[in-house]
Amino acid sequence: MTAVRDLTVAEVRLTPILVADPPLLNTQGVHQPYTPRLIVEVVTADGTTGVGETYGDTKYLELARPFATRLVGRSVDDLNGLFRVADEVAVDASRTSGQVDVGGLRGVQTADKLRLSVVSAFEVACLDALGKALGLPVHALLGGKVRDTVEYSAYLFYKWAGHPEGVPCEKDDWGAALDPAGVVEQARRFTERYGFTSFKLKGGVFPPDEEIAAVRALAEAFPGRPLRLDPNGAWSVETSVRVADALADVLEYLEDPALGTPAMAEVAARTPVPLATNMCVTTFAEIKEAFTKDAVQVVLSDHHYWGGLRNTRELAAICRAFGVGVSMHSNTHLGISLAAMTHVASTVPNLHHACDSHYPWQSEDVLTERLTFENGSVRVSDAPGLGVELDRARLALLHERWLTDDGSLHDRDDEAAMRVADPAWSTPSVPRW
Ligand code: GKR
Ligand code: MG
């Protein structure tokens with residue numbers, strides 16, 4: 001006789017943590033020495049625990065708490081019900097804006113997008129618990145993998161050797177990368193350590209000609225390898241077209257050169273280089289305008305802000321219908337998210353670009369075993385659920401760091417981090433160049 005499982009959620013645990021982050025530069029400033037993440041655990045009545053991970057800033061925590069309370073008593077297999085729960089959770093209006101910012105590098109922040117980023121962690125945790133209860137991997141719950149490994153690209157950043165003098169931080173061994181030679185050296189290390197064969201450079205940091213030179217140097221050092229440049233909307237339409245022209249022979253795609261769908265459409269009309277985005281198409285509502293204007297040729301999915309793994313598959317299906325490519329965006333994240341990204345990516349037939357991941361930059365994790373890259377790819381786990389195990393001691397340690405912080409690191413603020421080194425710094429208005 002088959003044992004009857006009780007999939008009712010009996011308990012939800014939310015653990016905010018601070019994770020070490022190197023001084024990576026972007027157009028807004030520099031990463032803080034520690035970045036907030038939220039670890040979600042969903043425990044069923046029969047004792048199965050599923051884990052999820054999302055942004056840990058205050059505005060996400062404020063939503064996750066009432067969400068967690070409402071989840072108790074529901075079943076982990078009621079995944080559609082998660083969106084109804086999300087609708088019931090009020091968003092403090094001061095946490096959102098109709099314009100660029102709050103989310104900044106992740107596009108316009110709306111109440112819905114905030115809620116979906118929270119839903120994603122609960123959806124992943126429910127899928128993990130459900131998979132464990134049924135003895136099935138998460139990819140099977142999504143319809144089954146179409147590939148055994150998922151390819152990732154090396155995510156290169158301009159970087160200081162260390163955080164500013166006197167700032168408490170963990171040391172890293174990547175060294176500085178502030179010019180073309182430094183970027184190539186960083187790329188070389190990525191290939192040696194992880195076997196990546198495609199490269200993305202985070203731009204919008206130095207004047208465009210310097211970033212063109214860095215991409216040219218990469219093309220010379222790694223001939224024929226797919227290359228991407230992403231200035232997070234820091235350029236005008238004219239600058240975007242100029243950079244696209246200068247790098248047309250080596251770019252796989254240019255990511256968010258200009259800000260907003262109208263500007264991206266103008267650039268796209270003037271260059272044969274495909275444009276990718278994780279800024280102007282970040283919600284279902286934004287798809288219609290962008291696709292009908294042919295503003296983007298590749299959408300970077302991200303299960304965090306698209307509302308989970310099943311929504312990511314829906315996004316991929318819409319892209320397929322419009323002949324738009326799919327790739328994957330990443331923000332600072334740990335192994336739970338990498339496992340979730342890998343499961344969903346393994347089920348998307350039209351994923352033809354290596355995914356982004358910040359994971360190599362994170363020296364810390366909350367898992368008993370880190371996920372590994374072989375030849376730039378992560379093997380898709382066939383173990384029940386996500387196939388990862390929480391390291392409670394590590395989790396407690398990183399939570400303790402969050403608890404003892406005075407609050408200044410509870411919200412990611414790259415601009416504030418930059419002001420420590422340069423008190424006059426303010427995030428430049430866009431377009432910067
Ligand atoms: O981590 O500095 C960063 C990135 O710039 C990140 O915030 C972006 O959201 O990686 C992202 C991107 O591709 O735009
Ligand atoms: Mg991007």
Side-chain angles (χ1 to χ4, degrees), residues 19-37 54-57 60 100-109 113 117 152-160 163 172 174 177 186 198-206 211 227-235 240 251-260 264 267 274-282 286 290 295-306 325-334 337-338 341 353-362 411-418 427-428 430 432:
V19 185
D21 212 7
L24 308 178
L25 299 165
N26 60 34
T27 202
Q28 294 201 333
V30 62
H31 287 206
Q32 291 173 310
Y34 300 99
T35 205
R37 293 296 283 175
T54 191
Y55 303 105
D57 310 60
Y60 298 96
V100 181
D101 177 324
V102 199
L105 303 172
R106 303 192 293 273
V108 175
Q109 193 93 105
K113 196 156 141 199
S117 300
Y152 288 85
S153 61
Y155 198 160
L156 312 177
F157 276 83
Y158 288 110
K159 176 184 177 296
W160 294 331
H163 287 283
D172 71 77
W174 287 92
Q186 189 184 93
S198 71
F199 305 92
K200 160 171 165 173
L201 175 62
K202 173 60 49 180
V205 175
F206 292 114
E211 299 188 352
L227 302 177
R228 311 158 183 179
L229 177 59
D230 173 15
N232 282 118
W235 302 333
S240 303
L251 283 183
E252 176 188 14
Y253 54 67
L254 188 56
E255 191 175 315
D256 289 309
L259 206 58
M264 288 285 278
V267 179
L275 301 188
T277 188
N278 63 269
M279 295 181 77
C280 71
V281 181
T282 61
E286 290 165 323
V296 296
Q297 289 68 51
V298 179
V299 173
L300 277 68
S301 65
D302 180 322
H303 75 269
H304 300 93
Y305 52 67
W306 283 90
V326 180
S327 187
M328 199 179 276
H329 163 262
S330 139
N331 220 291
T332 303
H333 68 89
L334 297 180
S337 279
L338 183 62
M341 288 154 72
H353 304 276
C355 302
D356 290 351
S357 173
H358 279 61
Y359 195 58
W361 290 114
Q362 264 49 73
D411 297 286
R412 177 173 157 178
D413 189 342
D414 297 357
E415 186 177 354
M418 182 58 105
T427 294
V430 281
R432 184 173 178 186

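Whatever order the structure lists ligands and atoms in, that order sets their numbers, starting from 1. Start at 1 with the first residue, then count along the sequence.
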For L24, is the nearest heavy atom under 4.0 Å from an atom of ligand 1?
no
N232 pairs by side chain to side chain contact (heavy atoms under 4.5 Å, CB included) with which of R432, Q28, M279, E255?
M279
Numbered atoms of ligand 1 (with element) below 4.0 Å of S330, judged on heavy atoms
10 (O), 11 (C)
Please say whether H358 places an N or O atom under 3.5 Å from an N or O atom belonging to ligand 1.
yes
If you measure from each heavy atom of H31 to ligand 1, is any distance below 4.0 Å?
yes
Give the C-alpha distance, both sets of side-chain angles, the deciding distance and a yes or no for side-chain contact (heavy atoms from CB on, under 4.5 Å) between Q362 and H333.
CA-CA 8 Å; Q362 264 49 73; H333 68 89; 5.9 Å; no
Metal proximity, E255 vs the Mg ion (ligand 2), N/O/S cut-off 2.8 Å
yes
Presence of salt bridge, R228 and D356, under 4.0 angstrom:
yes
Under 3.5 Å donor-acceptor, N26 side chain and G204 backbone:
no
For ligand 1, is there an atom lying under 4.0 Å from some heavy atom of M279?
no
Does ligand 1 have any atom sitting under 4.0 Å from a heavy atom of N331?
yes
Under 4.0 Å from one or more heavy atoms of Y155, ligand 1 contributes atoms 4 (C), 10 (O), 11 (C), 12 (C), 13 (O)
For the Mg ion (ligand 2), does an N/O/S atom of M279 lie at less than 2.8 Å?
no
So, do F157 and H358 sit near enough that their side-chain heavy atoms are less than 4.5 Å apart?
yes
Between Y253 and H353, what is the ring plane arrangement, given parallel below 30°, perpendicular above 60°, and tilted in between?
perpendicular
Under 3.5 Å: N/O of N278 near N/O of ligand 1
yes
Enumerated ligand 1 atoms positioned under 4.0 Å from heavy atoms of N232:
5 (O), 12 (C), 14 (O)
If we only consider heavy atoms of M328, is any one of them less than 4.0 Å away from an atom in ligand 1?
no
Can you list the steps and then say if N331 with Y305 is a side-chain contact (heavy atoms from CB on, under 4.5 Å)?
CA-CA 11 Å; N331 220 291; Y305 52 67; over 6 Å; no
Per-atom filter on ligand 1: closer than 4.0 angstrom to a heavy atom of K200 are 12 (C), 13 (O)
Is D230 close enough to the Mg ion (ligand 2) to have an N, O or S atom under 2.8 Å?
yes
Just say parallel, tilted or perpendicular for the rings of W174 and W361, cut-offs at 30° and 60°.
tilted
Under 3.5 Å between some N or O of ligand 1 and some N or O of D230?
yes
Indicate the ring-plane relationship of Y55 and H304, choosing parallel, tilted or perpendicular according to the 30° and 60° boundaries.
tilted
Under 6.0 Å between the ring centres of Y34 and H163?
no
